[in-house]
Amino acid sequence: MSACTPTRHDDPHRKEHSHEPHSPPSPRPRGPRLTGADVSASIAVFLIALPLSLGIALATGAPLQAGLVAAAVGGVVVGRLGGAPLQVSGPAAGLTVVTAELIQRYGWRTTCAITVLAGLAQLGLGLLRVARTALAVSPAIVHGMLAGIGVTIAVAQLHIVLGGTPHSSVLLNLRDLPAQLARVQTAALSVSALTLCLLLAWPRLPGRAGRLLRVVPAPLVAVTGATTSAALLGFGLPKVDLPSWSSHALAGLPEGPTLGLIAAVLTITLVCSVQSLLGAVAVDKMVAARPALSGRVRRADLDRELLGQGAANVVSGTLGGLPVAGVAVRSTANVNAGAVSRNSTMLHGLLVVIAALLMVPILELIPLASLAALVMAVGIQMVSLHHIRTVTRHREVLVYAVTTVGVVFLGVLEGVALGIGMAVAVALHRLTRTRITHHEKEGVHHVHVRGQLTFLAVPRLSRTLHLVPQGAHAVVELDGSFMDHAAYESLQDWQSTQTAHGGTVELVGRRTGVRIGEPTGPAGLHPDGGTTAPDSSGCRCHPWTPWRNHQCAIPESGGPAQRSNAETTTARAPEDTEHTEPSGLTTKLDALGALGTPGTPGATVDASAPPSSPRAPDATTPTANQLARGISAFQRNTAPLVRSELARLAREGQQPSQLFLTCADSRLVTSMITSSGPGDLFVVRNVGNLVPPPGEESGDDSVAAAIEYAVDVLRVRSITVCGHSGCGAMQALLAADQDTAQTPLRRWLRYGGPSVARMADGSRPAARLAGRAAADTVEQLCLTNVIQQLEHLRAHDSVSRALRAGELELHGMYFHVGEAQAYLLSEVHEGEVFDHVGVADLTA
């Protein structure tokens with residue numbers, strides 16, 4: 001629930017505000033101020049960017065100053081113009097292979113011109129607003145491309161680590177690696193080994209001292225430690241050589257074959273754009289995982305980010321810098337360091353400029369072997385085991401492998417093209433691969449179709465369907481989401497023949513979007529490629545999948561077979577025990593008895609009962625039919641999944657660990673918001689999640705009895721009182737009129753009176769949510785009511801005894817329905833603040 005903001009109404013009599021003749025105009029709103037968090041984050045990113053920029057420039061064969069130029073331009077230009085405020089751009093390891101190949105083929109000045117042209121292409125793509133299209137590339141191709149680049153980088157830098165010189169080709173580097181191992185230089189290997197050891201060990205320093213030391217970035221520690229050791233030991237190793245800026249080479253006119261230059265521009269554009277856009281999406285996810293940032297940092301504008309990257313590449317190429325792209329390592333460091341605006345990225349770029357101008361003597365002390373080890377580690381990290389497991393789980397490991405091998409041995413553009421071709425081939429293979437099986441169980445013939453039903457699968461489908469004897473009962477399970485016209489006609493013809501010989505056909509769809517056919521009789525298919533119930537309701541809800549209100553259209557007329565066979569709805573995750581109001585339950589069960597079991601021979605509808613009768617409503621009413629459909633769907637789809645677990649609970653008895661006391665509001669699904677299942681929660685629900693104080697129940701002992709049973713018999717270890725936004729009981733309390741007749745609802749709501757009095761007590765701090773006050777009076781009362789009901793809970797004898805013995809914990813919870821956000825009452829702030837529950841808190 002968002003706080004209300006005053007709205008300005010147009011008033012024809014309102015005078016326009018004007019300044020005094022000599023008063024200065026009101027200042028324009030400024031951008032975000034430079035905060036301490038941004039300053040500290042920029043320093044952390046700068047300390048990481050400085051050695052990495054030099055190392056990437058070394059790996060490409062470009063002038064070392066080119067890495068510093070790209071880092072500065074990426075920080076200042078993209079930081080100011082880009083659409084992802086916390087993403088840090090600069091020379092990226094993913095561009096190392098491409099840039100090195102261009103330098104070898106065309107020279108440095110032409111490579112800078114290619115970078116400028118790639119930037120212009122990015123500007124054009126940004127103006128066309130096609131940034132989202134880049135995200136359509138399969139992640140397996142992107143990860144495979146980065147893995148191939150990482151392998152190429154690691155193999156090339158390994159030669160420098162061993163004291164040699166790398167070749168431009170991976171094959172040549174692999175061929176000469178045995179000879180390089182035979183003539184390894186001890187000094188270079190020692191410095192490189194020390195760099196790698198510090199790089200790996202520094203983030204793993206234990207204890208409190210380790211936490212303090214880890215503030216310093218590991219790359220800076222590794223390079224500094226290796227440089228200091230080499231100087232103390234007197235190693236005569238090649239070091240960083242930064243010539244005067246006056247001799248720095250700028251971009252020149254492109255020279256070379258036109259087709260080759262166009263391919264080079266397209267390659268730089270593709271790699272820079274895809275890496276930057278995927279990085280922006282990843283930064284959004286990191287920001288969303290940090291509640292303190294999610295409300296202050298806007299989501300990335302991908303088209304604006306593409307424009308910012310294009311402008312940076314134009315500037316960087318013109319000034320003689322490397323191509324610029326979003327960098328994952330620096331962006332992650334920026335978010336983790338607590339940056340809150342784009343100022344941290346821009347300030348880091350300015351720090352790089354200062355270092356390039358004033359720290360040249362210090363930078364020239366760094367051994368090249370140390371930078372090579374640093375870049376080699378980055379290359380190895382680009383081959384991510386997490387990505388390999390992910391693509392394997394999604395059955396795209398072949399696409400990943402082909403892309404990686406293609407990038408390593410053929411080049412980036414060729415490898416990506418091979419990956420796209422393999423992805424298309426895999427998709428076509430999946431479309432044409434359909435598994436059709438048949439088996440008989442208890443006289444029923446089951447035909448299971450797994451995959452998409454196209455004309456290519458019709459011969460196998462026909463052969464399998466004819467294994468079912470004529471006149472037998474058959475169940476056809478369609479486990480797919482597509483059926484073309486040829487497959488539709490084949491199924492329809494077979495179904496008509498089967499039913500004409502006295503058999504029955506039941507068409508079952510398990511995937512979302514496949515509708516269920518009628519279980520007996522003909523005509524369960526629909527020409528749209530799915531199956532449809534005869535009521536044409538189009539219900540597409542399924543168990544354990546997302547739903548929308550479970551309100552599928554129910555026809556108001558139709559025969560008994562039609563009414564009894566509408567079987568598709570969503571079964572909610574069952575809860576162990578619910579203590580709730582039985583309102584309307586008897587009516588629904590009576591209707592269910594009239595309906596019978598769907599699909600059971602002889603099931604009839606009692607049409608003689610008058611529709612107005614409260615005890616026997618017409619079975620065609622939405623309420624009755626919806627309950628029957630839900631139970632039928634549970635028996636068919638959900639019960640087999642939970643039957644073994646419920647059987648175990650039936651044998652062992654219930655042993656819940658928590659008592660969950662919440663409101664009877666239909667929008668609160670306790671098992672969903674607590675990720676619990678059968679046997680986990682003992683649930684008490686009532687209007688307003690109220691706990692009557694001991695001795696004031698006045699004949700209503702239901703809540704007190706449930707509390708006593710849960711604590712003394714079930715031995716629960718915690719009790720949670722959960723309120724929620726938009727609570728109707730709290731609204732009724734605020735609107736209560738003392739002169740109104742004392743209905744049962746009014747008598748029950750009197751237990752919320754102490755909550756109203758607590759909220760009005762000015763001597764107590766107002767309950768609030770983390771980071772903000774309550775949005776309105778209703779939300780304030782909802783929060784206060786949770787705290788007050790916890791006090792009522794402590795007054796119960798069973799609860800107080802368990803608390804004194806240390807066997808029980810009490811928790812307060814608030815669930816914001818509109819935001820799907822849970823808050824837990826904090827013990828740190830004297831029980832008046834409800835803290836945000838983030839994703840990280842739920843992984844334990």
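Only this structure's heavy atoms are used, side chains among them; waters, hydrogens and symmetry mates stay out.
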Quiz prompt | Side chains of Arg794 and Leu803 in contact at under 4.5 Å (non-hydrogen atoms) | solution = yes

Self-check item: Counterpart residues, side chain to side chain donor-acceptor pair (under 3.5 Å), relative to Ser89 (two or more places apart)
Solution: Gln309

Exercise. Any chance you could measure Arg717, atom CZ, to Leu808, atom CG, to the nearest 0.5 Å?
Key: 10.5 Å

Practice problem: Indicate yes or no for a side-chain donor-acceptor contact from Thr638 to the backbone of Gln635 under 3.5 Å, with no hydrogens or angles considered. | Solution: no

Quiz item: Of all residues at least two apart in sequence or in a different chain, which pass the side-chain contact (heavy atoms from CB on, under 4.5 Å) check with Leu307?
Solution: Leu123, Leu127

Exercise. Decide yes or no for Leu790 and Ile719: does some side-chain heavy atom of the first lie under 4.5 Å from some side-chain heavy atom of the second?
Key: no

Quiz item: Is it true that Glu779 and Arg768 have a side-chain N and a carboxylate O under 4.0 angstrom from each other?
Solution: no

Self-check item: Within-4.5 Å side-chain heavy-atom neighbours: Val786 and Phe834
Solution: yes

Quiz item: Do you know the tightest heavy-atom contact between Thr662 and Cys722?
Solution: OG1-O, 3.2 Å

Quiz prompt | Counterpart residues, side chain to side chain donor-acceptor pair (under 3.5 Å), relative to Thr674 (two or more places apart) | solution = Ser676

Quiz item: For Gln780 and Asp776, does a side-chain donor sit closer than 3.5 Å to a side-chain acceptor?
Solution: no

Quiz prompt | Minimum side-chain heavy-atom gap Gln788-Val691 below 4.5 Å | solution = no

Quiz item: Looking at residues at least two apart in the chain, or sitting in another chain, which of them share a side chain to side chain donor-acceptor pair (under 3.5 Å) with Asn689?
Solution: none

Quiz prompt | Considering all heavy atoms, the nearest Pro85-Thr345 contact | solution = O-OG1, 3.6 Å

Practice problem: Test Val833 against Asp835 for side-chain contact (heavy atoms from CB on, under 4.5 Å), laying out the working first. | Solution: CA-CA 6 Å; Val833 178; Asp835 279 342; 3.7 Å; yes

Self-check item: Distance-only polar pair, side chains of His796 and Glu708, donor-acceptor under 3.5 Å
Solution: no

Quiz item: Counting distance only, does the side-chain N/O of Asp38 pair as donor-acceptor with the main-chain N or O of Ser341 below 3.5 Å?
Solution: yes

Quiz item: Which atoms form the tightest heavy-atom contact between Leu86 and Val340, and what is the distance?
Solution: CD2-C, 4.1 Å

Quiz prompt | Distance-minimising heavy-atom pair for Cys727 and Cys663 | solution = SG-SG, 4.2 Å

Quiz item: Just wondering, do Thr777 and Leu781 contact through their side chains at under 4.5 Å, heavy atoms?
Solution: no

Exercise. Taking the side chain as every heavy atom from C-beta outward, state whether Tyr823 and Leu783 have any pair of such atoms under 4.5 Å apart.
Key: no

Quiz item: Minimum heavy-atom separation for Phe682 to Ala706, with atom names?
Solution: CE2-O, 3.7 Å

Quiz item: Taking side chain as C-beta onward, heavy atoms only, is Tyr709 less than 4.5 Å from Ile707?
Solution: no

Quiz item: If you take all heavy atoms of Leu733 and Val756, which pair is closest and at what distance?
Solution: CB-CG2, 4.2 Å

Self-check item: Under 3.5 Å: donor-acceptor pair, side chain of Arg750, backbone of Arg747
Solution: yes

Practice problem: Would you please name every residue forming a salt bridge (charged side-chain N to carboxylate O under 4.0 Å, His left out) with Glu645, sequence neighbours left out? | Solution: Arg648

Quiz prompt | Test log, rule side-chain contact (heavy atoms from CB on, under 4.5 Å), inputs Arg764 and Asp761 | solution = CA-CA 6 Å; Arg764 296 176 180 268; Asp761 188 355; 3.6 Å; yes

Quiz prompt | Side-chain donor/acceptor of Arg304 to backbone N/O of Gly82, under 3.5 Å | solution = yes

Practice problem: Return the set of residues passing side-chain contact (heavy atoms from CB on, under 4.5 Å) with Ser331 (not counting sequence neighbours), or none when no residue passes. | Solution: Gln87, Val88, Val283

Quiz item: Does Ala328 have any side-chain contact (heavy atoms from CB on, under 4.5 Å) partners at least two apart in sequence or in another chain, and if so, which?
Solution: none

Quiz prompt | Straight-line distance of Asp284 CG to Arg299 CZ, nearest 0.5 Å | solution = 4.5 Å

Self-check item: Rounded distance [0.5 Å steps], OG in Ser666 versus CZ in Arg685
Solution: 8.5 Å

Quiz item: Considering residues at least two apart in sequence or located in another chain, which fulfil the side-chain contact (heavy atoms from CB on, under 4.5 Å) criterion with Met346?
Solution: Arg80, Arg342, Asn343

Quiz prompt | Donor-acceptor under 3.5 Å (Asp680 side chain, Pro656 main chain) | solution = no

Self-check item: Gly83 backbone acceptor or donor facing Glu305 side chain under 3.5 Å
Solution: yes

Quiz prompt | Check: Ala795 main-chain N/O paired with Ser800 side-chain donor or acceptor under 3.5 Å | solution = no

Quiz item: Roughly how far apart are Leu659 CG and Leu793 CG, rounded to 0.5 Å?
Solution: 7.5 Å

Quiz prompt | Interatomic spacing from CD in Glu819 to CG in Leu769 - rounded to 0.5 Å | solution = 8.5 Å

Quiz prompt | Any residue meeting side chain to side chain donor-acceptor pair (under 3.5 Å) with Gln275, in chain and number order, not counting sequence neighbours | solution = none

Practice problem: Start with the C-alpha distance between Tyr814 and Cys782, add both sets of side-chain angles, then the distance that settles side-chain contact (heavy atoms from CB on, under 4.5 Å), and finish with yes or no. | Solution: CA-CA 8 Å; Tyr814 176 76; Cys782 292; 3.8 Å; yes

Self-check item: Contacts of Glu791 that satisfy salt bridge (charged side-chain N to carboxylate O under 4.0 Å, His left out) - sequence neighbours left out
Solution: Arg758

Quiz item: Say you draw a straight line from CD of Glu809 to OG1 of Thr720; how long is it, rounded to the nearest 0.5 Å?
Solution: 9.5 Å

Quiz item: What pairs of residues pass the salt bridge (Lys or Arg N to Asp or Glu O under 4.0 Å) test when at least one of them lies in residues 656-675, not counting sequence neighbours?
Solution: Asp665-Arg667

Exercise. Evaluate the criterion side-chain contact (heavy atoms from CB on, under 4.5 Å) for residue pair Val721 and Asn785; output intermediate values, then yes/no.
Key: CA-CA 10 Å; Val721 177; Asn785 182 60; over 6 Å; no

Quiz item: With a 4.5 Å limit on heavy-atom distance, are the side chains of Ile787 and Leu825 in contact?
Solution: yes

Exercise. Check ring pair (Phe, Tyr, Trp, His ring centres under 6.0 Å) between His792 and all other residues, then give those that pass, not counting sequence neighbours.
Key: none

